[in-house]
Amino acid sequence: MIEKFIQFGIVGLSGLFVDFGITWMLKEVLRLNKYGANATGFLVAATSNYVLNRIWTFSSTNPEIATEYLSFLAISVVGLAINSLILYLLVERVSFGRFDSNRNLKFYLSKLIAIGFVTIWNFIMNLYITFS
């Protein structure tokens, strides 16, 4: 399971680059709405993560690809909601002592913590639900 978790993390890191790349291209180059660009980046990254995890991490041969993909996407969306909630709570409601004065540092430290929790959530849910 540790090997699968590492593979899942590598796939997730690739998704981060896909998400940011697509979002940047749509927002900065094509000058599309930032929220639409962000949603598109998330969706393309989640799709590439699904394909890579299906093939590499979990070696799935499930013929119900649409059902499997929708399960993966639903878990990703819930993960995004959990990420946003943790980020909000840590940034707005929790004191980080001396880090509180540096809002930028506090935000990114909070984001890192949120990503850690959501990575574990996504892995466990996809292991036992999507790719079981």
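The first residue in the sequence is number 1, and the count goes up from there.
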If a pair satisfies side chain to side chain donor-acceptor pair (under 3.5 Å) and one of its residues is in residues 22-38, list it, with sequence neighbours excluded. D19-T23
Looking at every heavy atom in both K106 and L90, which two are closest together, and how far apart are they? CE-O, 3.1 Å
Work out which heavy atom in F72 is nearest to a heavy atom in A46; give both atom names and the distance. CE2-O, 3.3 Å
Any chance CZ of F20 has more than 12 other-residue heavy atoms, nucleotides or ligands included, within less than 6.0 Å? no
dist E92:CD -> F107:CZ (nearest 0.5 Å) comes out at 10.0 Å
From I120 atom CD1 to I82 atom CD1, the distance as rounded to the nearest 0.5 Å: 11.5 Å
Side chains of F96 and L105: does their closest heavy-atom pair fall under 4.5 Å? no
Shortest non-hydrogen pair, S71 vs I129, comes out as OG-CG2, 3.6 Å
Could you list all the side chain to side chain donor-acceptor pair (under 3.5 Å) pairs where at least one residue sits in residues 80-89, not counting sequence neighbours? Y88-R93
Measure the OG-CG distance between S59 and N53 for me, rounded to the nearest 0.5 Å. 10.5 Å
Would V51 end up clustered with I65 when hydrophobic side chains under 4.5 Å apart are linked, directly or stepwise? yes
Residues in salt bridge (Lys or Arg N to Asp or Glu O under 4.0 Å) contact with E64, at least two apart in sequence or another chain: none
With no hydrogens and no angle check, is any side-chain donor or acceptor of R54 less than 3.5 Å from a backbone partner on N62? yes
Parallel, tilted or perpendicular: which fits the ring planes of F58 and F131, with parallel below 30° and perpendicular above 60°? parallel
Give the other cluster members for V77, using side-chain heavy-atom distances under 4.5 Å between Ile, Leu, Val, Met, Phe, Trp and Tyr residues; answer none if it is isolated. F42, L80
Give, for atom OG1 of T57 and atom CG of L127, the distance between the pair rounded to the nearest 0.5 Å. 10.5 Å
Do you know the tightest heavy-atom contact between G15 and N49? CA-OD1, 3.3 Å
Of all the heavy-atom pairs spanning I22 and G41, show the shortest one and how long it is. CG2-CA, 3.7 Å
Other residues, nucleotides and ligands only: do more than 12 of their heavy atoms fall within 6.0 Å of OH on Y108? no
So how far is it from Y50 OH to N126 CG, rounded to the nearest 0.5 Å? 10.0 Å
Measure from the side-chain N and O atoms of T40 to the backbone N and O of G36, and report whether any donor-acceptor pair falls under 3.5 Å. yes
Using the rule that two of Ile, Leu, Val, Met, Phe, Trp, Tyr join whenever any of their side-chain heavy atoms come within less than 4.5 Å, decide whether L43 and L70 are in one cluster. yes
Any residue meeting side-chain contact (heavy atoms from CB on, under 4.5 Å) with F17, in chain and number order, not counting sequence neighbours: L13
Going by side-chain heavy atoms closer than 4.5 Å, which hydrophobic residues are tied to I2, directly or by a chain of links? I6, I10, V11, L52, W56
Shared hydrophobic cluster, L89 / I86 (ILVMFWY, side-chain heavy atoms < 4.5 Å): no
Should V118 and L109 be regarded as members of a common hydrophobic cluster, given that ILVMFWY residues are connected when their side-chain heavy atoms come within less than 4.5 Å of each other, either directly or indirectly? yes
Group every Ile, Leu, Val, Met, Phe, Trp and Tyr by side-chain heavy-atom contacts under 4.5 Å, then state whether M125 and L73 land in the same group. no
Do Y69 and T47 have side-chain N/O donor and acceptor atoms under 3.5 Å apart? yes
